[in-house]
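Values below: every heavy atom of this structure, side chains too, minus hydrogens, waters and symmetry copies.
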2 protein chains.
Amino acid sequence: MKNETIHIAIVEDDNEIRQTLTLIIDGTEGFSCKYAFPDGESAMASIENLPIDVVLMDIDLPGKSGIEVTRNLKKTCPELDFIMLTVQSDDDSIFESLCVGASGYLLKDTNPADLLVHIKEVYEGGSPMSSQIARRIINSFRIIDNPLSERETEVLKLLSHGMNYKEVANDIFLSPHTVKTHIKNIYSKLHVNSRAEAIYKAIKQKLI
Amino acid sequence: MKNETIHIAIVEDDNEIRQTLTLIIDGTEGFSCKYAFPDGESAMASIENLPIDVVLMDIDLPGKSGIEVTRNLKKTCPELDFIMLTVQSDDDSIFESLCVGASGYLLKDTNPADLLVHIKEVYEGGSPMSSQIARRIINSFRIIDNPLSERETEVLKLLSHGMNYKEVANDIFLSPHTVKTHIKNIYSKLHVNSRAEAIYKAIKQKLI
DNA sequence: CTTGAAATACCCCAAACGAGCGATTGACTC
DNA sequence: GAGTCAATCGCTCGTTTGGGGTATTTCAAG
């Protein structure tokens with residue numbers, strides 16, 4: 001268990017929320033919050049040179065959104081952890097946040113005690129999020145349903161690695177003609193008519 | 001807040017753990033645990049006809065793994081929620097579990113009180129998981145880095161929808177020659193030499 | 001100021017591809 | 001025992017693709 005002080009910065013446009021959070025965090029043993037910014041631009045100008053561990057980032061900022069700001073800061077400070085704060089969760093902003101490198105995603109009505117716990121979790125390598133948000137994320141992993149046979153899936157996987165008819169045929173000991181037939185069947189099952197689209201659809205549907 | 005009793009089944013090969021969990025859960029107000037199975041086969045034979053809301057599924061079962069069992073049961077009972085239990089978390093089994101439809105993923109050393117809370121969360125549509133596990137999942141969303149220019153990305157996206165040179169060219173008002181040049185540059189940047197592999201790599205690296 | 005990347009456009013050519021045909025075998029279902 | 005489907009093998013033909021070049025403009029970074 002680490003016992004050092006965790007250094008936190010806040011990016012939040014609402015003055016009241018920002019000041020309240022700052023006071024709560026900075027007033028708690030083990031937490032320090034000396035930097036708070038009302039917008040993304042000022043945060044981006046300063047944060048990379050500050051001794052910060054975790055950033056609390058509002059998503060709905062004036063000017064550049066918290067997601068944009070996080071994307072930029074993650075480039076220059078990859079080890080910095082970001083916890084996104086938002087009033088309401090919508091799927092798009094959750095996924096965008098995760099894609100740009102956020103470590104946690106919390107609703108603004110999270111109570112202060114929990115917030116501090118979550119900051120600590122992030123600092124220790126975790127990713128706090130409500131179980132409702134987690135459910136949305138893992139739902140994106142579900143496989144819808146797989147119309148392809150085993151052999152077809154095998155062929156498609158090899159195609160996705162850039163092999164052509166002959167190479168696939170050699171790899172799985174078939175005639176190139178058979179491979180071609182499989183591919184034709186794959187196309188018809190996926191309702192596509194090119195390799196590119198087949199692979200795109202197959203990946204999106206988690207078939208390969 | 002729902003107040004009905006939550007009906008639970010357990011699949012766990014260790015007799016002691018199974019019996020302990022059953023007693024704890026069944027002995028708690030609002031929870032019922034009348035079914036427990038020592039292996040996947042017996043679970044698969046019975047569960048689909050039982051009045052169950054949530055299944056606690058051990059991953060390391062003798063015979064078929066808990067992941068396999070979950071995959072099968074999710075097909076016949078899509079509304080059933082599964083919480084995977086495991087002694088130690090490795091990335092592969094986490095992702096496999098999520099892909100086959102698990103709703104939660106918990107370590108076996110989770111204390112009983114928390115376990116009950118997590119069962120309730122799943123029942124109410126959440127997906128409990130430790131923040132360490134959540135971190136691993138969201139890390140899979142990170143974009144590594146994007147060598148492609150905007151125009152190239154645009155072209156690659158259109159290619160992934162099955163368009164050929166000419167169609168792409170028409171779509172973005174370019175000469176087919178230019179499209180071809182872009183594609184050649186894409187291939188060289190991604191170190192591939194076919195459309196199929198380019199799309200595969202691009203999706204895996206979240207470029208499109 | 002110049003080097004480089006990005007975006008644009010063009011040419012040739014051999015190899016690969018997709019569409020359209022047909023066919024046999026074995027397994028599983030109704 | 002008729003029918004379906006996966007898996008295997010085969011052919012032709014016209015189109016598309018990928019690799020090899022070359023060249024201009026623009027715009028940002030060094």
Side-chain angles (χ1 to χ4, degrees), chain A residues 44-45 48 68 71-72 75-76 143 145-203 205 207-208, chain B residues 44 71-72 75-76 143-203 205 207-208:
Chain A
M44 285 196 284
E48 56 179 308
E68 268 309 311
R71 189 204 313 279
N72 285 323
K75 280 183 196 160
T76 48
I143 294 167
D145 115 304
N146 190 343
L148 302 182
S149 72
E150 272 191 41
R151 202 55 154 170
E152 286 160 354
T153 305
E154 199 182 358
V155 170
L156 194 52
K157 267 186 195 158
L158 297 175
L159 287 183
S160 75
H161 295 317
M163 291 186 182
N164 61 24
Y165 291 152
K166 284 181 200 163
E167 287 165 340
V168 172
N170 282 331
D171 203 81
I172 56 179
F173 308 108
L174 284 182
S175 145
H177 298 291
T178 307
V179 173
K180 214 170 176 174
T181 307
H182 282 312
I183 294 174
K184 279 191 282 200
N185 291 332
I186 292 169
Y187 291 175
S188 116
K189 285 183 180 178
L190 297 184
H191 307 294
V192 301
N193 43 25
S194 78
R195 198 159 296 202
E197 207 180 356
I199 286 166
Y200 180 79
K201 275 208 177 184
I203 298 178
Q205 293 173 34
L207 308 183
I208 55 173
Chain B
M44 285 196 284
R71 190 203 312 279
N72 285 321
K75 279 184 196 157
T76 47
I143 294 167
I144 299 97
D145 111 309
N146 189 343
L148 303 182
S149 72
E150 271 190 40
R151 200 54 155 172
E152 286 160 355
T153 306
E154 200 181 356
V155 169
L156 193 53
K157 268 185 196 161
L158 296 176
L159 288 183
S160 75
H161 297 316
M163 292 186 181
N164 61 22
Y165 290 152
K166 284 181 200 165
E167 287 164 341
V168 173
N170 283 330
D171 204 80
I172 56 178
F173 308 107
L174 285 180
S175 145
H177 298 291
T178 308
V179 174
K180 198 168 183 178
T181 307
H182 283 312
I183 294 175
K184 278 193 280 198
N185 291 333
I186 292 169
Y187 290 176
S188 117
K189 285 183 180 178
L190 297 183
H191 308 294
V192 301
N193 43 26
S194 77
R195 197 158 299 197
E197 208 180 355
I199 286 165
Y200 181 80
K201 274 206 177 185
I203 297 178
Q205 292 174 34
L207 309 182
I208 57 173

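- For C/dG18, the OP1/OP2 oxygens have a side-chain nitrogen or oxygen of A/Tyr187 closer than 4.0 Å.
- Here A/His177 reaches the OP1 or OP2 of D/dC11: one of its side-chain N or O atoms lies under 4.0 Å away.
- Put simply, B/Lys189 has a side-chain N or O that comes within less than 4.0 Å of OP1 or OP2 on C/dA6.
- The base of D/dC5 does not come close enough to the side chain of A/Ser149 for any donor and acceptor atom to sit less than 3.5 Å apart.
- Heavy-atom nearest nucleotides on DNA chain C were determined for A/Ser194 and for A/Thr181, and the one closer to the 5' end corresponds to A/Ser194.
- Contact between the side-chain N/O atoms of A/Tyr165 and the OP1/OP2 oxygens of C/dA15 is not found at any separation under 4.0 Å.
- Considering only side-chain N and O atoms, B/Thr178 lies under 4.0 angstrom from the phosphate OP1 or OP2 of C/dA9.
- When each of B/Pro176 and B/Leu148 is assigned the nucleotide of DNA chain C with its nearest heavy atom, B/Leu148 is the one assigned upstream, toward the 5' end.
- For the OP1/OP2 pair of C/dC17 and a distance below 4.0 Å, the side-chain nitrogens and oxygens of A/Lys180 include no atom meeting the criterion.
- Cation-pi geometry between B/Arg151 and B/Phe173 is not satisfied (NZ or CZ under 6.0 Å from the ring centre, within 45° of the ring normal).
- Here A/His182 does not reach the OP1 or OP2 of D/dA6: none of its side-chain N or O atoms lies under 4.0 Å away.
- Considering only side-chain N and O atoms, A/Asn193 lies nowhere under 4.0 angstrom from the phosphate OP1 or OP2 of C/dG18.
- Comparing D/dG10, D/dA7, D/dG18 by their closest approach to the side chain of A/Glu152 singles out D/dA7.
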